[in-house]
Number of protein chains: 2
Amino acid sequence: MQTTPSFSPLYQQIKALILRSLQAGEWKPAEAIPSEMELATRYSVSQGTVRKAVDELAAENLLMRRQGKGTFVATHSARHVQTRFLRLVSDQNNAETLEQAERVERTITTCNRQRATADIAKALKLKTGDSVVYIQRVLTYKNASGVSTPTILEDIWLAGNPFKGLNLERLAESKAPMYAMFEAEFGVNMVRADEQIRAVNPTQEQAALLQVKTDTPLLRVERIAYTYNDTPIEVRTGLYRTDTRHYRNELQ
Amino acid sequence: MQTTPSFSPLYQQIKALILRSLQAGEWKPAEAIPSEMELATRYSVSQGTVRKAVDELAAENLLMRRQGKGTFVATHSARHVQTRFLRLVSDQNNAETLEQAERVERTITTCNRQRATADIAKALKLKTGDSVVYIQRVLTYKNASGVSTPTILEDIWLAGNPFKGLNLERLAESKAPMYAMFEAEFGVNMVRADEQIRAVNPTQEQAALLQVKTDTPLLRVERIAYTYNDTPIEVRTGLYRTDTRHYRNELQ
DNA sequence: CAGTGGTCTAGACCACCAA
DNA sequence: TGGTGGTCTAGACCACTGC
């Protein structure tokens with residue numbers, strides 16, 4: 001054992017190897033990866049070393065462990081993690097709301113291919129003018145009384161290359177959350193995101209889409225989302241109404 | 001070894017014992033706790049079991065490990081963790097800004113003892129009418145050109161009991177961040193917090209204190225902060241100007 | 001140099017799951 | 001029943017710190 005080519009702990013090297021396999025798509029989302037013993041023999045290390053590598057990947061939400069069953073590649077399709085990246089929740093955040101799976105309607109208002117502006121290109125680590133997919137959509141929540149409230153307006157820019165063939169039709173016919181669809185249809189797994197939050201007023205057009213007045217304070221949430229290896233792949237600007245909902249955060 | 005009175009992993013029991021010692025103040029913030037070997041003999045378990053318990057406490061930011069030196073009780077006084085609970089950062093978030101330690105001026109506008117309202121009491125797990133300390137303050141940032149901008153307005157309610165003797169003078173004379181002072185003077189260590197974020201407009205009074213117009217959109221950040229064992233001990237409502245700063249968040 | 005945390009191993013046993 | 005992850009141990013060695 002103990003190959004140590006460059007100097008880093010063995011388990012970090014194993015972690016990098018597993019990461020590479022994930023990235024290469026050797027194991028797809030929701031599939032099981034080989035057992036700890038198999039990985040140990042494959043990499044010629046002890047089970048404990050594999051365990052530590054897998055522990056870290058599980059802590060970063062790239063893998064999911066299930067005792068007695070195996071270790072699985074994280075997926076956005078699993079029921080309880082669909083809202084992993086959506087921090088806007090109802091003010092009466094009761095079990096009820098979670099049970100009812102929050103009837104959300106997604107309306108795509110725009111979907112086309114564009115040339116990246118300097119800002120977008122920089123955030124996605126592309127060159128200005130490179131092809132990107134632009135999407136605008138509105139999320140509308142329906143409460144128990146049947147009242148519909150447009151609540152979230154999103155402008156989304158996706159790196160063009162990984163999303164060849166994405167268009168309005170394919171978006172519209174997908175009923176799954178967007179990240180679950182990206183994963184299933186394009187093999188793009190969102191793993192991490194940074195957000196910057198500000199309070200703003202909407203423009204005329206934005207106000208119309210959210211059915212609010214232009215002097216309504218809204219949250220503007222600017223997100224950059226990453227796949228494996230810190231590769232930025234999506235820029236997303238969300239406008240959130242916070243009259244009956246709030247952005248929740250836990251500080252540790 | 002292997003006592004297992006109730007059923008939970010040994011390392012969880014060890015973790016609970018260490019937590020109890022922290023809570024009881026056996027080891028003060030910034031002090032070293034006993035070495036892993038000492039703890040192992042003290043609790044009659046192997047070093048590996050202690051290690052796993054300490055690992056989890058370190059992951060939760062209750063302990064800090066330093067190779068070759070020891071394991072230390074987390075503190076809000078340490079230079080690089082002073083802003084652990086303040087997520088509002090400059091838009092040009094460069095090294096410079098961090099270096100310069102962001103000249104902040106804290107102005108206490110109010111400090112008195114009050115009877116808890118129903119809302120505050122509930123959040124702090126007290127009874128309506130119990131004694132609480134109320135503080136209002138303004139944080140003003142000074143940039144390199146010497147321009148001062150009042151940026152954060154905070155209303156703070158503290159559980160009365162742990163903060164006996166806290167008054168305007170003691171607050172005013174403390175130059176350290178508030179949580180560092182709480183820790184040093186009252187033995188209260190903030191460990192975790194939940195925040196709810198909305199976009200709002202300020203009232204007349206709030207607008208005056210932040211030197212903005214009443215139609216300026218602001219972030220309202222409602223925080224409940226906890227000590228050991230998930231005991232709520234502070235309710236804090238912040239109003240943040242986001243014209244040159246933003247609330248940053250990392251999603252995983 | 002001695003003492004601390006960090007890594008790695010090998011092996012035992014437990015808890016959970018499915019067939 | 002056999003396979004999976006989860007716990008626990010004992011011992012070896014490494015890397016960092018400070019005297």
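These values consider heavy atoms only, across backbone and side chains, with no hydrogens, waters or symmetry-generated copies. By convention in this document, chain letters (A, B, ...) are assigned in the order of the sequence lines, proteins followed by strands, and residues within each chain are numbered from 1.
Proximity of A/Thr49 to the phosphate of C/dT9: a side-chain N or O atom is located under 4.0 Å from OP1 or OP2. Checking the phosphate oxygens (OP1, OP2) of C/dC8, no side-chain nitrogen or oxygen of A/Lys52 falls inside 4.0 Å. Taking only side-chain nitrogens and oxygens, A/Ser46 never comes nearer than 4.0 Å to OP1 or OP2 of C/dA10. Within the 4.0 Å cut-off from OP1 or OP2 of C/dG5, not a single side-chain nitrogen or oxygen of B/Arg66 is found.
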Trace of the salt bridge (charged side-chain N to carboxylate O under 4.0 Å, His left out) decision for A/Arg198 with A/Glu222:
CA-CA 9 Å; A/Arg198 293 176 185 79; A/Glu222 294 176 354; 3.4 Å; yes

Are any protein N/O atoms closer than 3.5 Å to N/O atoms in nucleotides 1-3 of chain C? If there are, list each pair with its distance.
| unit_1 | atom_1 | unit_2 | atom_2 | d |
| --- | --- | --- | --- | --- |
| C/dG3 | N2 | B/Gly68 | O | 3.0 |

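In this structure, CZ on B/Arg248 lies 13.0 Å from CD on A/Glu195, to the nearest 0.5 angstrom.
When side chains are defined from C-beta on, A/Arg106 counts as touching A/Pro177, because their heavy atoms get closer than 4.5 Å.
With no hydrogens or angles considered, no side-chain donor-acceptor pair links A/Tyr11 and A/Asp55 at under 3.5 Å.
Using cut-offs of 30° and 60° on the angle between ring planes, the pair B/His76 and B/Phe85 is tilted. Aromatic ring orientation, B/Phe186 versus B/Phe182: perpendicular (interplanar angle above 60°, classes split at 30° and 60°).
A straight line from OH of B/Tyr43 to P of D/dT9 spans 14 Å, rounded to a whole angstrom. In this structure, the OH atom of B/Tyr11 is 12 Å from the C1' atom of D/dG5, given to the nearest Å.
Within the nucleic acid shown, B/Arg51 comes within 4.0 Å of at least one base atom, counting heavy atoms only.
Where A/Gln47 and B/Met37 each meet DNA chain C at their nearest nucleotide, the meeting point lying more 5' is that of B/Met37.
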